[in-house]
Structure formats: C-alpha cells, structure tokens
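Within every chain, numbering begins at 1; the chains are lettered A, B, ... in the order of the sequence lines, protein sequences first and strands thereafter. Quick caveat, the model's predicted, so the values are computed rather than measured.
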Amino acid sequence: MAAKGRTQNAVARLFAHWRGAVAIVAFVLVWQILGTMSSTFGGKIPTPIEVTQIFFASFVDDPRYWRNWAASFERVLWGFGYAQLFGIPLGIALGLSRTTEEIVFPVFEVLRPIPPLAWVPVSILFWPTHEASIIFITFIGAFFVIVINVFDGIRHIPERYFWLATSLGATRWRIFLRIVLPAVIPSVAVGMTLGIAITWDVLVAAEMIAGDLGLGRLTWEGYVSNTPEIVIVGMISIGIAGYLSARIVDYIEARLMPWAQHDPKFRGRR
Amino acid sequence: MSGGELRAESLGKAYRIKGQAPVRVLDNCSLAVAAGRLTVLMGPSGSGKSTLAYILAGYVAPDRGRVLLDGAAVEKPGPNRLMVFQETTLWPWMTVADNVLFGPSVRTPGAEAEARAKARDLLRRFGLLDFQDKFPGQLSGGMKRRAEIAQALINEPRVLIMDEPFRGLDVMTRELMQEYYLKVFEESRPTTLFITSEIEEAIFLADVILFMDPRLGRVGRVIEVDLPRPRTFEIMASARYREIKEQALETLYAHEESEQYSPQQTPTGG
Amino acid sequence: MRSVASAPATAANGAVTVDAVGKVYGETMVALEDCSLEIAAGEFLALVGPSGCGKSTLLNILAGFDHPTRGTVTLDGALLASADRAAHPGPDRIVVFQEGALFPWKTVLDNVTYGLKVQRQTAPEEARARALDMLARCGGLDRVAHQFPGQISSGMQRRVELVRALINDPRMLLLDEPFRAMDTVSKGRMHQHLLDIHAQFPKTVFFITHDLEEAILLADTVAVMTTRPGRIRSRVAVDLPRPRHARMIASERFVALKEQLIAAVHEEAQKAFERGERELA
Amino acid sequence: MALRGGGGQSSMLSAIVNRRVGLMVFGFAAAFVLWYASVNWLPFPAFRRLPDPAGVLQEWLSRDPAYGISVFTADYYVHILYSTYRATTAFALAVVLGVPLGIMMGWKKTVREYSDALLTLLRPIPPLAWVPLAILLFPGTEPAVIFVVFLVAFYATTLNTWVGVRAIDVAYFRAALCLGARPVDVLRDVIIPGAMPSIFTGLQIAMGAAWFSLVAGEMIAARYGLGYVIWEAYNLIQYPTIVIGMVTLGFVGYVCSALIRVAGDRLMRWHQKNIGAVRG
C-alpha cells in the first residue's frame, strides 16, 4: 500500500508543477511570436530559435566563448574569495570587540551604501592591471555583505552559550574556537549566498565598462555590433554561470554546517 | 560525592534601561540552598527568579551582597555550580556526546578516556546512549533536557541550578522528566536549586520551597515539604500533599498584588 | 443576564453529535478512528489526553477547518461535517487559539467588533457600543479598548479573545489549551475569569487541555481520549456545584475525580511516550 | 557579551555615550589621516594617482570648483535629481507591480505556481546583464536605465512580499474565517497588514538594490546622473569629482532607504509597540 502511495505522491508532485511548466512554455512562445513580428518599437527581438541557432553555429565550438566563461569565473573566484578572506575576520572582530566596533563600524557604514560600480573609476586608477581592477569591484560587491552578516551573526549568539562554556572552565581562546566560530557559520552562509549573487551582478557590469574578456564583455560586444542574438546568448550564459556558482556555494554551506540539515532553525535562512 | 551548600547574603540588583527609571529586581535577598537537598525557588514570572539564578551561577554581578559556596565567597562562574537554562543550551553544532564531554575536554584534556567512559555511563542512565552521535536538532524536547542535565552532572558540580527547565515541554513529557530527575537526585543527592512557576511541580520535587516575593524583591515565606522519598505520582493524592498545596497557594496569592495592567507591562518578565 | 442583543432565540443552542468520525492524513497517518462524542446544548465539555493523540484534529473538524475522512458531525440536528461535505468555519462555532490570535495590527476594540463588521449585519456604532459594554463586563477590559494587543498582558489578551468570540453569540465555543503557557497564579486568575464569563454567557464549550485539575474545575464533563489513533475512551461527569471556585480543588470529591482521571490519562501517556521515543531513534 | 571588552554595566550611561562618540570621531579621523598619508607620503605610484581628501573637500565645498561640480553649483543638484528621479520612478513601478503580485502569490496557489516558475527562470540572470538588451529594445537610454533598475527592485519587492504573506500564522486566517470573514475581508484584514513588516523589509532592500544598479546604467548609457558624473570625471581626469560623486551616491541612497524605514515605522505603529513591549 505504501509503494502505491509513494508513486501517487510523485505523480501528484509532477502534476502540481504543471502550471510552472506551462508558464515557461508560454513565455518562450510569446518571445517567439514577438520575435517573428517585425517589432514596432525599438530594435528587433531575436526569436529563441535564432538565438539557439547562432549559439550552436558559432559559439559552442568556439574556444574564445569558453575562455569568456573561464575569465568571468576566475574574476568571481578571486573577488569573492578575497571578500570572504578579509570580510569574515573583520565581521568577527567587529562582533567581538566593542572598541573595534565603535571605531571601525561608523566608517564602514559610510562606505557601505556606495554602489560597487561607483568604485570602477577609482579601481582602474589604483590597480596596475585591468584584471586587478575588475577583481577589486567583485571584491567590493561581496565584501560589505559578508561583513555585515557575520557581524550580525556574532551579535545574535545567545549569551548563555558563552556563560555555559565559561562555567565549564573553557578559556576565551577555546570559547572562540569551539563556540564563536561554529556559531557564526550560518551567518557566513547567508553572507556568501547573497555575496555570490551580487558578485556576478557587479562583474557583468564591470566587464561591460572596463573588461576585455568575459561573459559581460561578450554581451557588450553583442550590443556594440548590434546583434541582439549575441546579447541574449551572453545573458543566458551569465544566468547559467550565476546559477552554477550559487549551487557551489550551497554545497560549501552544506559541508560547513552538517548539523544544519537536521535543525530547522538554521535551514532556509536566506 | 555529596553536594555543597550555596548561600546568598543580602543580594541587591537593579536593571538600568536607558531613558527609564532603574527597575529594582532584588533587594536585600538572602537564601540558603542546603547541601544534598532539593530546594525549589517558586514565584510568578517576572519576580527576579532568573536574575537570582544568574547571580548565584556568577554570570551577573549583584549591585550589593555576596554569594558563598561552602562558606567561601564566589564570584566567577565555575564548574562547582552549573546551571541548566530555561532555553535549550546544547551547542547545535556538537553531537550529544561532544556536548556532554565539553566540560571535561576543556578542563582536563589529558583524561580523555576516563571522561568518555563517564559520559557513556551517564548517557546510558539517561536513555540517550543510542543518540550520542546525533545533533541536538534531531532530539525531542525531553531528550534535549536529559542531555543538558548529563552535560552538567558529568562535571560533578557542588550545586546544580535549574531555571524552569521543563517549561515549554508538553505536560506529559514534563511529568516524565520530573520523575526522571527525581530518580537522578535520589541516587546521588546533588545539591539542587530548582526554579519553577508551577505549584504542583514544586511540591512534587522539593525538600523545601522558597517563595519569591516580587514586591519586596526577596525570598518571603519558606515551606518544608516533608513528603517521603522516593516520591511517586500517587503521593499527589495524599492528605499531606493537599495541605502543603493549600499553604503554597495561600502564599502565592498573598504575594500576588492586584493585576496592574500598566501599558508597558512586559509579557516576558525577568 | 443573557447578552444584550443575542440572536433570535431559535431552538438552536449548541447540541453537538460526533458520530464514528475517522481522519487519515496522506495515506498512512491515522489521526482519528471511530471517534464518537455527544455534547449537550450549553454543556461545558473538557477533552484530555496525551499529546499528539488527535485532540486538535477533532477541534479542527468541529470548527470547520478540516473535514473527516469517515463519519459525521451534526450541530443541533443539522449536518455540519462529513466525508464528502466541504468543511466551512462560521460564526456559530468560534475558536480561541492556543497561541492567541488577536490581530496585532488592530486595536482591542477593532478586534472585538471585527466579527460583527464582516458579518455586515450590525451598524458600526451599535457594534462599538456592544463591544465596549461586553469588554466592561468582562473584568473592566474597556480601559484597554484603544490599545494594541502587543501592549497588554497575555492574560488580558486571552480575555479579549473570549469577548471577541462571545459578542457574535456563537452556538459553540472551542478553546484549544488557552492557558497553557501561564504560571500557576495567572492561570488561577484566568480560570476565575472564564468561570465568570461562562456564567454570564452560557454557551456549549469544547475545551482541550492537558491540565486535569483545570478540566475538572471548569467542565461539566471530562472526556478522555486514547493515544493515536484518537478515540474517546471514557467520560467522567463532574458533579461539583456551580458557581465553581478555586477553593474546590482541595475538596474530597475533587480529589476523587482527579484520581480517576490520572489513572486513565497516565496509562495513555505511557503508551504514547514509548512510541514517540521509538519513532525518533 | 561576556567576551567583549569595555562598557561595564555599572558605569554611568552618559559615560558610555561620550565614549562611543569619541571613538567614532577617532575612527573617521584615522581614516582621513590614513587616506591622506597614503596618497601624499607613500612612495607607491598607485596611491599617488588617487585624489587626496583635502583636494576632494576643497573641490566639493568651493564656490568656484575647478571641474564645475560642488555644493554651490547647480549642476551638482541637477545630477542628483536625475539619479533620484530614475531610482524613485523605477522603485515606484516595482512597488506598484511587485507588492500586489507578491500578495497574490502568497494568497492564490495558481498565481504562485505560474509566477514562481518564471521568477526562478529569470532570476539567475543578473539584472545588469539586461542593460545592453534594454538599450537595444527601448527607444532611448532613459527607459532602458529605468527598466533595469525596475527589474532589480521588482525581484526584491515581490519575493519579500510573498515571504511576508507566507509567514503569517495560519491562526489569524482561521480566526478571521471563524468570525465570518469573506475572502476579500481576509485579504484586507489579515494578508495585507500581516505581510506589511516583511513588505517594508523588501522595500528597503529594493531601494538599496535600485541605487546599486542605477550607477551601472548611468555609467554606460546616461547623459545625466551621478553615475554619469563619476564616469565622465574619470574620462576627463577630474579625479576629486569621482570621489564627490561616489560619496554623494552613497549618501542619497542611504537617505532614500532611511525614508522608507521611517514610513514603515509610522505606518505600522502596532509593530513598533509590539517590538518595544517584548524587548522592554
């Protein structure tokens, strides 16, 4: 009886999502119809078929296309990586020492609202190479969000976690290692998830403005050469790249917090 | 190893919240937690019971007065007097075994094997042996509480302070937990200060009940509970039990001033 | 004294019959099985039983949030719920929830008048007048009429919720462990308030609780439910005189009734506990 | 916090406040000195190319700025107005479309299943990747920039509104139904007020995100606006103006978010008191 129950649930689940499938198919159809009509306003919209044709015709087997992927991913990796490397310790320091917070946090709060892309000119001036200047922009994108999340995470560690550890005779250093660091992992996870999305968003624009290689650049070249098909190929590629990075971050999170899978309080803290 | 005697002498404590008049919580409050006995501290929520517990455990400094353990003044938190908090305080990222072993592992890293043996024995007695590698998030409310008591008792504290530990459990689990702790207490007689706002729980567990008088901010009446041990549920039907309950209710309603409904009354008192 | 403008006094005054009700969730989880219960008009019935035995499921079916898989429920002879009849809540059966469900974004007064407002049968001024009058009669709650629920104590929130229900003159009141998280003293006070309110506005009451003393002190009858799948195992008539008072807890009769219930409930609790621990292992 | 140094409970409250202000001033002064020293004294060419704080301040506050942008010049405020106009227009559009959609998604299963699929499909594409396509499709740069900014704000508003509706305790729905509420009553008296706190969180995030993406649009395609000022200043080697543009962007963006917070607090007095009561 239970086996029948399970298959029925599977069918029900599939059936439940048919509306989702219909919506996507409808979206593609509308896009196709709009494309084929001679568009009355603005530029011509390439149809899904045209886009797929151009993709398989001149992109799939063109090594330069895949080098764009590599360039973008490398910039995301470095920028995002450095942001965690510097951001997490700063967030912890702000959270643990009131003096550091009172000195550093106000300055941090003045810089935080400045949009990452506003840093592009200064970044180009400061950094010797183009590559470094773009990586700095992706760094800025992810840096502020990881610091604020870790700082917030530290402040919300229940006081009794420290009290109990102190009672049991733990030194401050041991409390830092076995209580503070594990307790802050969930907020690191949230910071990384938000950070990776912002990193891609910022990278694309930075590449459009100042890059010479990368998926953002590819999209920009599509615009400059007035071939919207390439623009859309670029956009879809960035979308997939962004999606993959998000899944990688999710995987890292699952490894960092094995206990979160079981504790509803931590799961789903997006 | 018999428990120690904990004594508080004329404790005073007031909370200062910015922009509001200081709230006096404890005023010239003295009490004694006799060695090897189960002392219950009883009173309505918001009468300073938790604050008193934090002071006795050394987490909060009193404005006036001092705390003595076996005659010697104590201030800093230490393994000689451990507390089970009202909200679960198992570290979610450590397995049940690691939570229980935390105390011995930080104080005597060398004695790993001996600590493990003691932990296994405690977990077996608490019916948690086959949950030792699970995370707290996977345990039921009652099991978490038993793990916390084991986490404290492995360190053989001179005094165990429990702040409404069974509040929030459904009544059935609560009754079973009460029976559970009675069994543990009656075996090794650790000095226990048990805080509660439930009258039946107080009488069922206590050798002596101290009633917190919220208006005066100190312990008012004291009632000896001379019911025989080991205590079982049937005792709740005995005439002596009803007599004690009558006196206790009288004390509670005497301490109770008329329900003031000041708009800023905080539903979650200290 | 009956409430000021009660609904036209029809024969309908809250007699409930639960006939062999069963409830299965998904394919495998049987919450209720062959559950039958009679509640006379104006009777205050308390339902006790181990946690997870289906008490709330039965309440949800009576209130119309859920419908039974088998069996029927009738209210004053009219079919209320059955396997193929869509469940629908209504102002004739109002629930007071365990965690409390006063709308935090409405003042106390707007909460109380909400039922009359959405039923669109009473002019706003009259609704406000009746609400203020009723709040005053239930322990001077009119003093907090213009405050938000977040600003008053949980005890007062409970009483406002009762007034919000009673002002609609329901045929039946359903209380889901309303005093669960309260300490002894506030609980004692709430019992007194509920007894006073019940005396002023006699209704059929279906009251779920774990606290046996509370059940005996408040109810005319205490029904005991078995562990899952839930079934009514036994009924104990509480022949204590009304109006009831907290002092009665010490009386001989009260203790005898309590002993009778302790045995039944404790046995069911032990069975539920063992199954619970096994499931988690 | 047991671990944190300083700020003992018993010290007088005013002492704590003075200390905090003192340290903040010290923080800003240190940042200023660090910036000034690194630009003027450090031997690294990279730092030398950057504008130093004194130069920036001088330009920003001078009546006759070298590069035409200072607190006293009209252009400065024209650019601010353009940027603010674009951000708020896109934000308003996102609110008008996003909030109702978020509420419908939370309330009606069918709406949720259709739109959830589409949102999940389009969401991974970073909003700024739409800039080139938007410029090609829309008849001018202005609508293109506003469209991209709208997209960013729309995602944030819709998702947070939807989360807000889903987070409403089922007891409130049941309480309303018990009292005889019809679906439209439930919408007006439970769903909208119940989701309000989360909606306002979403609005603040949307406004922040709007300013983030506005800059890119302005740098790439616009003739006016703070993003344009920054990029133009870079091209014309007017370095102090770059920093003026950056700080102004940060400040104006912050003010807009703050305004939303204030509006939220006023609109939801019950929420405010509620929090006050519990924490008090």
Side-chain angles (χ1 to χ4, degrees), chain C residues 56 59-60 62-66 87-108 110-122 127 146-154 157 160-161 163-170 172-176 178, chain D residues 99 102-103 106-109 160-161 163-203 261-280:
Chain C
S56 294
L59 180 131
N60 286 341
L62 288 172
F65 303 141
D66 204 346
H88 66 280
D92 52 354
R93 296 147 289 136
I94 295 183
V95 178
V96 173
F97 294 86
Q98 183 175 103
E99 304 301 325
L102 286 179
F103 303 124
W105 44 81
K106 285 178 182 295
T107 63
V108 164
D110 291 344
N111 261 289
V112 173
T113 55
Y114 185 71
L116 302 178
K117 179 181 138 201
V118 287
Q119 285 156 41
R120 298 170 172 78
Q121 274 149 16
T122 325
H146 299 294
Q147 295 191 2
F148 289 106
Q151 300 170 273
I152 58 176
S153 76
S154 56
Q157 285 174 26
V160 169
E161 210 169 339
V163 173
R164 179 174 79 172
L166 288 168
I167 197 169
N168 302 286
D169 196 20
M172 184 175 169
L173 207 54
L174 300 108
L175 305 170
D176 185 357
Chain D
V99 171
I103 285 180
W107 192 25
K108 282 277 184 269
K109 189 164 178 295
N160 277 285
T161 305
V163 162
V165 173
R166 247 197 342 210
I168 300 173
D169 188 334
V170 72
Y172 294 127
F173 288 98
R174 290 182 164 171
L177 292 171
C178 261
L179 295 166
R182 298 201 196 106
V184 66
D185 301 316
V186 172
L187 179 66
R188 185 190 62 242
D189 300 319
V190 176
I191 290 180
I192 293 176
M196 203 54 87
S198 185
I199 289 177
F200 266 90
T201 315
L203 296 190
R261 225 189 345 271
V262 165
D265 293 345
R266 178 148 310 106
L267 249 174
M268 300 185 293
R269 283 200 328 285
W270 59 272
H271 193 60
Q272 209 50 33
K273 296 251 176 349
N274 223 343
I275 291 179
V278 169
R279 200 176 286 161

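Only the backbone of C/L102 comes within contact range of chain D, with at least one heavy atom under 4.5 Å from a heavy atom of that chain. Only the side chain of C/N60 has a heavy atom closer than 4.5 Å to any heavy atom of chain D.
Contact between C/F65 and D/C178 at its shortest, heavy atoms only, is CZ-SG, 3.6 Å. Closest of all the heavy-atom pairs between D/G180 and C/P91 is CA-CD, 4.1 Å. Of all heavy-atom pairs between D/A181 and C/Y114, the closest is CB-OH, 3.7 Å. Listed here is the closest heavy atom pair of C/W105 and D/G194: CZ3-CA, 3.4 Å. Taking all atoms of both residues into account, the shortest heavy-atom contact from C/N168 to D/L179 is ND2-CD2, 3.4 Å.
The neighbour count for D/R266 CZ, taken as heavy atoms of other residues, nucleotides or ligands under 6.0 Å away, does not exceed 12.
Put simply, of D/V170, D/D185, D/V184, D/L177, the one with the most heavy-atom pairs under 4.5 Å next to chain C is D/D185. Looking only at heavy-atom pairs under 4.5 Å with chain D, the residue among C/R164, C/E99, C/E161, C/R93 that has the most is C/R164.
Judged purely by atom type and a 3.5 angstrom limit, D/W270 has no side-chain atom pairing as donor or acceptor with the backbone of C/P149.
Distance check: D/D189 CG to C/K106 NZ gives 4.0 Å after rounding to the nearest 0.5 Å.
At a threshold of 4.5 Å between non-hydrogen side-chain atoms, the residues D/R174 and C/F97 count as touching.
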